[in-house]
Amino acid sequence: MRDIPVHQLRERASTGLEIRRFVAGDIPDDDADTLGAHRDDHYIFFVIEEGTASLMIDFHELRFGASSLYYILPGQVHHRIRNEVGYGWFIAIDALLIAPDYRNVFESQLVLQQPFALDAIKMRQCTDLLCLMREKYQEDNPGPFYLQVVHSLVQSFVGIAACCFSGFDNLQFALSRPVQLAQEFKKLLINNIRQVKSPSAYASMLNVSETYLNEALKKVTGLSVSYWIQQEVLLEAKRLLYYSEMNVKEIAHTLGYTDHTYFSRLFKKVEGTTPLLFRTHYRK
């Protein structure tokens with residue numbers, strides 16, 4: 001059986017961001033498999049301005065009305081949004097640009113996050129910010145600090161989204177044991193990734209067997225414990241490359257790797273570029 005494909009943002013965008021406004025019935029030119037289910041390695045946000053749209057995600061069909069905000073987590077299985085009569089925004093964002101506090105908010109809705117109804121003020125704030133973000137993103141001749149400005153606008157939008165969902169009640173959906181375990185695992189992962197990289201160690205922290213933890217993660221996210229550990233390591237590495245002044249050797253040691261050459265090989269194998277080239281690209 002063909003596995004569910006994972007769409008990678010770096011194959012479409014080099015800035016950690018993809019943003020576009022869609023109108024009723026739009027079908028992206030680059031979407032060859034418009035009806036097929038897939039996962040993404042990044043966050044996706046939708047802001048519906050007018051009309052209605054729907055999305056099939058993890059076997060549930062969700063419908064969005066006007067002035068609504070929604071997001072998809074990395075790893076969630078979904079189909080392309082149906083917007084025959086909907087107008088709004090599509091924003092794809094690299095997990096690197098989602099601060100840990102914001103991630104905790106979004107991850108807490110893991111069962112099945114629900115659309116958030118934006119009031120007139122929040123809707124205006126979102127659309128104004130997205131218009132400016134798209135304008136900067138599409139500049140023909142980016143000047144100095146282009147990426148820093150774009151990423152600052154991304155942070156502002158994500159912050160607004162996190163504020164919306166931080167007090168959102170999702171308790172009407174019963175938490176199954178695998179979902180609870182997945183949530184607990186991801187919280188442990190975020191807090192311990194620099195010191196702990198062993199699947200068995202996380203299983204021990206959660207008082208379950210490694211096999212059961214792996215089965216639970218695969219059931220909820222479709223991906224293994226090892227995959228999520230590797231992704232979190234690389235995400236932390238990218239943050240340190242982007243935000244800190246540490247060299248590659250120092251970053252490797254900070255992340256618990258005594259052999260920095262092994263760390264560099266792992267980074268290049270997964271990301272398709274070396275740590276230094278990644279830093280140069282994101283800081284240019």
Self-check item: Taking every non-hydrogen atom, the tightest pair across L255 and A237
Solution: CD1-CB, 3.6 Å
Exercise. State the CD1-CZ distance between I48 and F22, to the nearest 0.5 angstrom.
Key: 4.0 Å
Exercise. Could you give me the CA-CA distance, side-chain angles and deciding distance for S200 and S198, then say whether side-chain hydrogen bond (donor to acceptor under 3.5 Å, both in side chains) is met?
Key: CA-CA 5 Å; S200 61; S198 165; 2.7 Å; yes
Quiz item: When hydrophobic residues are tied together by side-chain contacts of less than 4.5 Å, even through go-betweens, does L189 share a cluster with L217?
Solution: yes
Quiz prompt | Over 12 foreign heavy atoms within 6.0 Å of CD, E135 | solution = no
Quiz item: Does a side-chain N-to-carboxylate-O contact under 4.0 Å join E271 and K238?
Solution: yes
Quiz item: Between E18 and R10, is there a side-chain N and carboxylate O pair less than 4.0 Å apart?
Solution: no
Exercise. Indicate yes or no: at least one non-hydrogen side-chain atom of I160 is less than 4.5 angstrom from one of C126.
Key: yes
Quiz item: Where does the angle between the aromatic ring planes of H260 and H253 fall among parallel (under 30°), tilted (30 to 60°) and perpendicular (over 60°)?
Solution: perpendicular
Exercise. Indicate, with yes or no, if the rings of F64 and Y70 have centres closer together than 6.0 Å.
Key: yes
Quiz prompt | Axial cation check for F263 ring with K249, 6.0 Å and 45° limits | solution = no
Exercise. Can you see which heavy atom on S226 is nearest to which on P199, and at what distance?
Key: OG-CG, 3.7 Å
Practice problem: Compare every heavy atom of Q114 with every heavy atom of F165, then report the nearest pair and how far apart it is. | Solution: CE2-O, 3.2 Å
Quiz item: Should we count OH of Y242 as having more than 12 external heavy atoms under 6.0 Å?
Solution: yes
Quiz item: Would you say I72 and L9 are hydrophobically clustered, going by side-chain heavy atoms of ILVMFWY under 4.5 Å?
Solution: no
Exercise. Answer yes or no: is there an ion pair linking K218 with E215, defined by an N-O contact shorter than 4.0 Å?
Key: no
Quiz item: Just wondering, do R103 and K187 contact through their side chains at under 4.5 Å, heavy atoms?
Solution: no
Quiz item: Do R21 and E49 meet the salt-bridge criterion of a basic N to acidic O distance under 4.0 Å?
Solution: yes
Exercise. Indicate yes or no: at least one non-hydrogen side-chain atom of F106 is less than 4.5 angstrom from one of V158.
Key: yes
Quiz item: Closest heavy-atom contact between T15 and H281?
Solution: N-NE2, 4.4 Å
Quiz prompt | SB check E61 R63 (cutoff 4.0 Å) | solution = yes
Quiz item: Are V196 and I251 grouped together when hydrophobic residues (ILVMFWY) are joined by side-chain heavy atoms under 4.5 angstrom apart?
Solution: yes
Quiz item: Quick one: are Y212 and L181 in side-chain contact, heavy atoms under 4.5 Å?
Solution: yes
Quiz item: Parallel, tilted or perpendicular: which describes the rings of Y71 and F45, with under 30° parallel and over 60° perpendicular?
Solution: tilted
